[in-house]
Amino acid sequence: FREARILIAAISIRLKRYEEAERHLDALDAEGPDTESLTLRGQLHAARGNTEAALESFRAASRSDGECAAAWAGEAMVLETLERHEESLERIRKAIEIDPHQPVFHLQLSGLLHAMGRTEEAEAAEAALKSMMEG
C-alpha cells in the first residue's frame, strides 16, 4: 500500500485536495517518515503557503537521502519564495548535479536566474534545456 499512498498523496497535492494528501502522509509517517514522505510533506506545506514548514520538510528529506534531487529542488523553490536567491541557486544546482536529465530542474534554474537578473545565464540554461529536449 505504501506506493499507492505515495501516488495518491502526490496527486492530491496537485489537485489541491490537501486534507486527503495529509491523511495519506500521516498514514505513511505512522510507520516512520522516509525521504519520499518528507519530500511530499514539503510539497504539501509549500502548496499551503507554509514556507518554514516546507523548508524543514525538504531539509529533513535531503538529510535522509542526500541524493534525493526532488528534495533539493523543493528546498530551492522555497528559498526562492523567501527571496534567498543565492541559497536557492546552490540547491537547484545540487538537484541538477544529482539528476541532470530532469527538465523541470533546468526550467526552475532558468526562472531563478531571471529573477536574479542574471539574464545571460538564464538564457544559457534555457538553451541547455532546449538542447536536452531535442536530444
Side-chain angles (χ1 to χ4, degrees):
F1 293 121
R2 179 165 190 72
E3 290 77 20
R5 284 196 184 277
I6 293 281
L7 181 61
I8 292 168
I11 291 169
S12 296
I13 292 167
R14 284 173 185 81
L15 295 175
K16 298 182 181 182
R17 292 160 58 178
Y18 302 137
E19 292 78 20
E20 181 179 342
E22 191 161 20
R23 281 195 309 276
H24 287 282
L25 289 171
D26 288 346
L28 287 165
D29 289 348
E31 302 168 17
D34 66 4
T35 305
E36 276 184 309
S37 69
L38 289 166
T39 301
L40 283 171
R41 180 84 59 184
Q43 291 172 5
L44 176 60
H45 287 309
R48 286 180 160 167
N50 191 344
T51 54
E52 291 303 320
L55 190 57
E56 180 49 40
S57 291
F58 287 126
R59 285 183 172 162
S62 61
R63 282 192 305 270
S64 170
D65 178 1
E67 295 298 307
C68 179
W72 290 104
E75 188 177 344
M77 175 193 64
V78 173
L79 289 167
E80 182 178 0
T81 300
L82 295 171
E83 297 185 10
R84 292 164 57 182
H85 295 123
E86 290 298 329
E87 292 173 84
S88 178
L89 188 57
E90 290 174 18
R91 299 330 187 270
I92 194 58
R93 285 186 170 151
K94 177 69 176 175
I96 291 170
E97 176 186 314
I98 293 167
D99 188 357
H101 303 293
Q102 179 55 260
V104 148
F105 298 162
H106 292 275
L107 189 58
Q108 188 176 345
L109 172 63
S110 172
L112 175 60
L113 290 167
H114 275 294
M116 295 173 77
R118 293 164 70 167
T119 307
E120 287 183 25
E121 289 175 83
E123 289 172 356
E126 291 167 9
L129 174 60
K130 185 178 177 183
S131 175
M132 179 188 348
M133 299 304 291
E134 292 171 352

>> If hydrophobic clusters are built by linking Ile, Leu, Val, Met, Phe, Trp and Tyr wherever their side-chain heavy atoms come under 4.5 Å apart, do L44 and L55 end up in the same one?
In response: no
>> Quick check: is L15 connected to L7 through a chain of hydrophobic side chains (ILVMFWY, heavy atoms under 4.5 Å apart)?
In response: yes
> How close do E67 and I98 get, heavy atom to heavy atom, and via which atoms?
Replying inline: O-CG2, 3.2 Å
>> Less than 4.5 Å apart, side chain to side chain, heavy atoms only: is that true for E83 and H85?
In response: yes
>> Minimum heavy-atom separation for R48 and E19, please, with both atom names.
In response: NH2-N, 3.8 Å
> Taking 4.0 angstrom as the limit, do R5 and E31 come out as a salt bridge?
Replying inline: no
>> If I take atom CD from residue E121 and atom CG from residue L113, how far apart are they, to the nearest 0.5 angstrom?
In response: 5.5 Å
> Are any of the side-chain heavy atoms of L89 and L109 separated by less than 4.5 Å?
Replying inline: yes
> Does I13 offer a backbone N or O that forms a donor-acceptor pair with the side chain of Q43 under 3.5 Å?
Replying inline: no
> Can you list the residues that meet the salt bridge (Lys or Arg N to Asp or Glu O under 4.0 Å) rule with D65, with sequence neighbours excluded?
Replying inline: none
> Looking at side-chain heavy atoms only, is the closest gap between E90 and K94 below 4.5 Å?
Replying inline: no
> Is a side-chain donor or acceptor of H106 paired with a backbone partner of P100 at a separation under 3.5 angstrom?
Replying inline: yes
>> Tell me the closest heavy-atom pair linking I6 and S37, and the distance in Å.
In response: CD1-N, 4.3 Å
> Closest heavy-atom contact between S88 and A76?
Replying inline: OG-O, 2.7 Å
>> Pair I11, R17 - check side-chain contact (heavy atoms from CB on, under 4.5 Å), show working.
In response: CA-CA 8 Å; I11 291 169; R17 292 160 58 178; over 6 Å; no
> So does E123 pair up with K130, basic N to acidic O under 4.0 Å?
Replying inline: no
> side-chain contact (heavy atoms from CB on, under 4.5 Å) between R41 and E22: does it pass, once the steps are laid out?
Replying inline: CA-CA 8 Å; R41 180 84 59 184; E22 191 161 20; 3.8 Å; yes
> Do E20 and R23 come close enough that some side-chain heavy atom pair is under 4.5 Å?
Replying inline: yes
>> Is there a continuous path of hydrophobic side-chain contacts, each under 4.5 Å between heavy atoms, that joins M132 to L107?
In response: yes
> If Ile, Leu, Val, Met, Phe, Trp and Tyr residues are connected whenever their side-chain heavy atoms lie under 4.5 Å apart, and connections chain through other members, are V104 and L129 in the same group?
Replying inline: no
>> For H114 and E126: C-alpha separation, side-chain torsions, deciding distance, then whether side-chain contact (heavy atoms from CB on, under 4.5 Å) applies.
In response: CA-CA 11 Å; H114 275 294; E126 291 167 9; 2.7 Å; yes
>> For A54 versus G42, what's the shortest heavy-atom pair and its separation?
In response: CB-O, 3.5 Å
> Got a second to check how far R63's CZ is from L38's CG, nearest 0.5 Å?
Replying inline: 9.0 Å
>> Side chains of F58 and M77, heavy atoms from C-beta outward: is any pair under 4.5 Å?
In response: yes
>> Assess the residue pair M116 and E86 against the criterion (side-chain contact (heavy atoms from CB on, under 4.5 Å)); give the C-alpha distance rounded to whole Å, side-chain angles, the decisive distance to 0.1 Å, and a yes or no.
In response: CA-CA 9 Å; M116 295 173 77; E86 290 298 329; 3.1 Å; yes
> Which pair of non-hydrogen atoms, one from A73 and one from F105, has the smallest distance, and what is that distance?
Replying inline: CB-CE2, 3.4 Å
>> Run the salt bridge (Lys or Arg N to Asp or Glu O under 4.0 Å) test against R14 and tell me which residues pass, sequence neighbours left out.
In response: none
>> If we ignore hydrogens and angles and just use 3.5 Å, is the side chain of S57 paired with the main-chain N or O of A53 as donor and acceptor?
In response: yes
>> Between R59 and E56, does any side-chain N to carboxylate O distance fall below 4.0 Å?
In response: no
>> Less than 4.5 Å apart, side chain to side chain, heavy atoms only: is that true for D34 and L28?
In response: no
> Going by heavy atoms in the side chains, are W72 and I92 under 4.5 Å from each other?
Replying inline: no
> Do R84 and V78 have side-chain heavy atoms sitting under 4.5 Å apart?
Replying inline: no
> Would you say T39's side chain and T35's backbone share a donor-acceptor pair under 3.5 angstrom?
Replying inline: yes
